[in-house]
Structure formats: C-alpha cells, structure tokens
Amino acid sequence: MKTAMKPAAFLAALLLAGPALAQTKAAPSWGPGADDAAFTRMLAASFKDKGIARIERLTQDETQSFCSDPEAAAGPAAADKRQRIEAANMATVKWPSDGKWLGDWKEGEKIAQSGRGNTWTDKPGEPNGGNCYNCHQISPAEISYGTIGPSLLQYGALRGGDEETMKAAWAKIYNAKSLNACSNMPRAGHMGILAEAQIKHLMALLFDPASPVNAKTGKAQ
C-alpha cells in the first residue's frame, strides 16, 4: 500500500533535487536563426558597398574575432593567445620613415578635434580626423571630451621624451592592439585611418612642451 508523502518531506526532496535539475535544464532558446552563423548572414545581407565604405569592413581579422568574446579573451586560458596577437600587431607598426617623432602640435590639435572620415560620403584620399577628444581629455581649454580613455593632460611633461617612451606612444597611436590585444582604441595607422604625418602631429600634441597638453596649468591625471 502506497503512502502519500507529507508536504514538508516533499518540499525538502524538491529543494535537494534543485541543483541536479538545474544541471540538466536545457539552455534557453532565443528562437530560429539566433546563432553566430545566422547573425553573420544577416549582416552580410543588410549592408552593401557605397562609396568608400566597403562590405569587407564587416569581415573580422583574428584580433577582432578574438576580442569579440570578451569573457574568453580575458580568461587565463587565453593569455598565450593574447601575447601572440599583441606581438603580431606590434609587427605591423611602421616607425617614422625619417626617424623624427614629432610634427606640429597645432596640426595635431586639429586632427584630435576632427571626427570626420571613412564614411560613404567622403572622397578617396581625403584626410581623416583622429576623433581623439571622443575618448580623451587633452587640452585643458576643451570642456567637451570623452572619458573612455584616460586623461592625457601633462602627457609629455610627466613621461619625458626618451626613445622608449616615444616608441610606446607611437605604437599606441599606430596600432593600439600591439600593447593591449583588446584595446578600445582604433588602430589608426594599421587600418589606414591616419597617415604618418598625422601621427607625427598627434605625437607633437602629446610631447611638445609648447603644446597645451603640457601647459603647467593642466591638471595631470
């Protein structure tokens, strides 16, 4: 003769079984087509070439693909791959062709202020802006700036101008992934956004003692 389980005993058994049930529960379905392959096809079907904006921009290289899974990219198991990707990006850095690091800081300020370029309405060969203020505080006189990146006030005054410091700053502008595989900073030189002369102007903005970046009134951070 079967006996009914008392409510209290049934509740206890259910609680004990909870972890096991959770382990066997199927992953939630987001519906048909909700996977990486379907998303990639959707992107390819949703865009087309227009002007200088080409469809190949949607194709990720190894660095972009690696960093598109931030949880895996930041994990200890990915440490070796991060180092390999950083080394590969460092190998793309083209150093100043004439050995000179600095250009004109006034031109660098114009580049830092400009976010123009690389849209379908731009003409081939037109110079792009650096859009630096979108992420950084640079000149103490500028009150409209982003905070995704660190403040650059007193950048050169604090670091000096030795060869190692110059190389690190140049590499960061040319290809930020060379120092941090998943940096949010665009690979300005590597991706053809900025030309060598423009990078020199930005370097002058950071290091020239006459630049507002290094003004003594600038509050270093």
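Just so we're clear, the structure is a prediction, and the values are computed from it rather than from any experiment.
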Salt-bridged, [X] to [Y], with N to O below 4.0 Å?
{"X": "Asp61", "Y": "Arg187", "answer": "yes"}
{"X": "Asp98", "Y": "Lys200", "answer": "yes"}
{"X": "Glu86", "Y": "Lys81", "answer": "no"}

Below 4.5 Å, heavy atoms only, C-beta onward: do [X] and [Y] meet side chain to side chain?
{"X": "Val93", "Y": "His190", "result": "no"}
{"X": "Trp105", "Y": "Pro212", "result": "yes"}
{"X": "Met166", "Y": "Leu102", "result": "yes"}
{"X": "Phe207", "Y": "Thr165", "result": "yes"}
{"X": "Leu206", "Y": "Ile173", "result": "yes"}

Separation between CG of Leu152 and OG of Ser139, rounded to the nearest 0.5 Å: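 OG of Ser139 is found 11.5 Å from CG of Leu152.
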So how far is it from Phe66 CZ to Arg84 CZ, rounded to the nearest 0.5 Å? 9.0 Å
Is there a donor in the side chain of [X] and an acceptor in the side chain of [Y], or the other way round, less than 3.5 Å apart?
{"X": "Asn89", "Y": "Thr92", "value": "no"}
{"X": "Arg116", "Y": "Asn128", "value": "no"}
{"X": "Asn175", "Y": "Ser178", "value": "no"}
{"X": "Ser97", "Y": "Glu196", "value": "yes"}
{"X": "Glu107", "Y": "Gln198", "value": "no"}
{"X": "Ser68", "Y": "Gln60", "value": "yes"}
{"X": "Ser114", "Y": "Asn131", "value": "no"}

Which heavy atom of [X] sits nearest a heavy atom of [Y], and at what distance?
{"X": "Trp101", "Y": "Met203", "answer": "O-CB, 3.5 Å"}
{"X": "Pro186", "Y": "Ile193", "answer": "CB-CD1, 4.2 Å"}
{"X": "Cys182", "Y": "Lys177", "answer": "C-NZ, 4.1 Å"}

Judged by atom type as modelled, is there a donor-acceptor pair below 3.5 Å linking the side chain of [X] to the main-chain atoms of [Y]?
{"X": "Asp122", "Y": "Thr119", "answer": "yes"}
{"X": "Asp104", "Y": "His201", "answer": "no"}
{"X": "Glu109", "Y": "Lys106", "answer": "no"}

Does atom CD of Glu71 have more than 12 heavy-atom neighbours, drawn from other residues, nucleotides or ligands, at distances under 6.0 Å?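 It does not: Glu71 CD has 12 such atoms or fewer within range.
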Is it the case that atom CG in Asn184 sees more than 12 heavy atoms from other parts of the structure closer than 6.0 Å? no
Is the NZ or CZ atom of Lys167 positioned over Trp95's six-membered ring, under 6.0 angstrom from the centre and within 45° of the axis? yes
